Amino acid sequence: MTDPIIITCAVTGSVHTPTMSPSLPITPDEIAEQAIEAAEAGAAILHLHARDPETGQPAFDPTLFMRFLPRIKQATDAVLNISTGGGMPMTVEQRMRAARRAAPEMASCNMGTMNFGLYPALERRTEWRHAWEPVFLEASRDFVFKNTFADIEALHRALRDEHGTRFEYECYDLGHLYTLAHFVDRGIARPPLFVQFCLGVLGGIGADPEMLMTMKRAADTLFGADYRFSVLGVGRHQGPLATLGAALGGHVRVGLEDNVYLDKGVLAPSNAAQVRRIRQILEGLGRPVATPAEARTLLDLKGGDSVGF
Ligand code: KMH
Ligand code: ZN
């Protein structure tokens with residue numbers, strides 16, 4: 001309970017579509033600007049995806065990432081975490097490409113194959129800015145988010161073994177924690193583990209406080225002192241679950257990737273606005289917010305000078 005709290009900000013992701021929020025950053029410039037502002041507001045880790053600058057569709061092209069990574073690195077000391085979850089309908093190989101090129105301090109590692117339902121968003125509106133948006137959301141009804149044992153091994157070989165990258169282990173269910181324990185037993189996943197409890201994805205565990213406690217209890221048993229956890233609640237659950245996670249001794253993740261709102265019915269004007277909000281809450285609880293240097297020490301990261309951009 002004495003560690004400073006790491007705020008991760010997931011800046012754009014691949015879940016929301018441009019119609020859902022005019023503040024969702026799309027172009028490399030927008031992603032860089034919002035990421036820098038989020039770091040200035042207190043985010044020690046920036047979790048990053050890319051999008052096609054014209055259409056806003058999730059994109060995996062490393063050259064797109066290279067249009068914002070150096071700029072964010074120059075302007076901030078934040079830890080840059082590159083998604084390997086990508087977005088529909090990318091292959092696992094495509095999802096790894098940007099991280100392999102950038103050799104980041106941190107990358108995401110999704111701990112199980114699952115359904116990832118985005119299609120309920122279709123019920124909330126009928127007008128879309130781009131024709132691809134409803135097609136994309138509908139496709140999630142029959143999409144498998146593939147993260148097999150072989151995929152997880154390949155990710156560790158390509159990023160940890162080749163580049164010293166560490167992982168944000170994204171766990172959407174109890175079974176994912178047991179899969180992570182299996183990789184620890186085999187010496188593939190190595191402490192200190194940074195485990196992201198992801199609650200509220202349709203296909204994963206629900207965004208209930210009891211489920212967060214259950215995830216924590218299981219992880220305590222499996223990993224003991226070898227892990228740190230962070231909490232990501234989808235949509236309106238983001239703030240309450242992050243606050244509960246912090247009260248339980250965890251770290252927090254906010255950002256427009258997982259929630260486009262700031263308050264009920266009020267869209268967040270930026271990622272930084274969500275970072276400022278959670279920071280106020282944490283400081284109100286008397287919990288200091290981690291600097292990037294403190295996050296690097298807590299998570300044993302290789303350092304911002306050892307990346308490939
Ligand atoms: N939006 C999160 C629930 C990844 O980038 O690897 C999923 C995510 C996956 O962050
Ligand atoms: Zn992501």
Side-chain angles (χ1 to χ4, degrees), residues 8-17 20-21 24-25 31 34-35 38 43 45-51 57-60 65 68 79-100 102 104 106-118 120-121 136-137 140 143-148 151-152 154-156 158-159 165-173 176 180 194-207 211-212 215 229-238 241-242 245 251-260 271 274:
T8 295
C9 181
V11 175
T12 189
S14 57
V15 165
H16 292 119
T17 67
M20 295 175 187
S21 169
L24 192 68
I31 291 170
Q34 287 219 28
I45 301 180
L46 299 166
H47 169 113
L48 297 160
H49 293 239
R51 289 179 183 265
Q57 267 180 290
F60 60 81
F65 282 81
F68 55 74
V79 174
L80 305 192
N81 169 356
I82 299 187
S83 169
T84 67
M88 286 188 303
M90 300 172 201
T91 65
V92 174
E93 195 279 325
Q94 289 170 334
R95 285 160 39 189
M96 280 202 247
R97 236 176 248 174
R100 293 185 84 160
M106 180 166 271
S108 65
C109 177
N110 292 272
M111 289 313 295
T113 296
M114 60 188 288
N115 293 329
F116 205 114
L118 307 177
F136 170 84
L137 297 169
S140 72
F143 178 73
V144 176
F145 184 36
K146 179 177 166 312
N147 300 287
T148 63
D151 296 332
I152 295 167
L155 203 55
H156 283 76
L159 296 179
T165 299
R166 280 192 163 278
F167 295 101
E168 174 195 12
Y169 289 106
E170 301 210 31
C171 295
Y172 304 76
D173 229 321
H176 297 176
L180 179 56
F194 185 50
V195 180
Q196 192 69 254
F197 296 154
C198 307
L199 294 94
V201 169
L202 180 58
I205 203 163
M211 292 302 113
L212 172 53
M215 294 281 276
F229 72 94
S230 174
V231 178
L232 166 181
V234 168
R236 67 193 159 83
H237 304 288
Q238 185 177 71
L241 284 182
H251 303 276
V252 302
R253 171 166 146 177
V254 295
L256 300 191
E257 168 161 347
D258 305 308
N259 173 31
V260 291
N271 279 277
Q274 289 186 349

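Counting convention: from 1, in listed order, for ligands and their atoms alike. Atom set for the values below is all heavy atoms of this structure, side chains included, hydrogens, waters and symmetry mates excluded. Everything numeric in this text was worked out from a predicted model, so none of it was measured.
Residue contacts with ligand 1: L232 is placed with no nitrogen or oxygen under 3.5 Å of a nitrogen or oxygen of the ligand (distance criterion only). Note: an N/O pair closer than 3.5 Å links H47 and ligand 1 by distance alone.
Taking a 6.0 Å sphere around CZ of R97, one finds it holds more than 12 heavy atoms contributed by other residues, nucleotides or ligands.
D258 OD1, 3.6 Å is the protein heavy atom nearest to atom 3 (C) of ligand 1. Given atom 10 (O) of ligand 1, the protein heavy atom at minimum distance is E257 OE2, 2.7 Å. For atom 7 (C) of ligand 1, the closest heavy atom belonging to the protein is Y172 OH, 3.1 Å.
Neither side chain, Q238 nor D258, offers a donor N or O lying under 3.5 Å from an acceptor on the other. No hydrogens or angles considered: a donor-acceptor pair under 3.5 Å links the side chains of Q196 and S230.
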For this session: Could you check R51 against L24 for side-chain contact (heavy atoms from CB on, under 4.5 Å), going step by step and ending with a plain yes or no?
Result: CA-CA 10 Å; R51 289 179 183 265; L24 192 68; 3.6 Å; yes

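Judged by distance alone, the side chain of T113 and the main-chain N or O of N147 form a donor-acceptor pair under 3.5 Å.
The aromatic rings of F197 and F229 lie parallel to each other, their planes meeting at an angle below 30°, with 60° marking the opposite boundary. Below 30°, between 30° and 60°, or above 60°: for H176 and Y172 the angle between ring planes is above 60°, a perpendicular geometry.
The Zn ion (ligand 2) sits nearest to atom NE2 when only the N, O or S atoms of H47 are considered.
Across the listed options S108, A10, G255, S108 owns the non-hydrogen atom lying nearest to atom 6 (O) of ligand 1. The option from R95, H49, E170 that lies nearest to atom 8 (C) of ligand 1, judged by heavy atoms, is E170. When the heavy atoms of G87, G204, S83, G85 are ranked by distance to atom 5 (O) of ligand 1, first place goes to S83.
Backbone or side-chain N, O or S atoms of E257 reach the Zn ion (ligand 2) at under 2.8 Å.
Only the side chain of N110 comes within 4.0 Å of ligand 1, counting heavy atoms alone; its backbone N, CA, C and O stay farther away.
In terms of the side-chain contact (heavy atoms from CB on, under 4.5 Å) criterion, residue partners of V260 (sequence neighbours excluded) are, by chain and number, H16, S21, L267.
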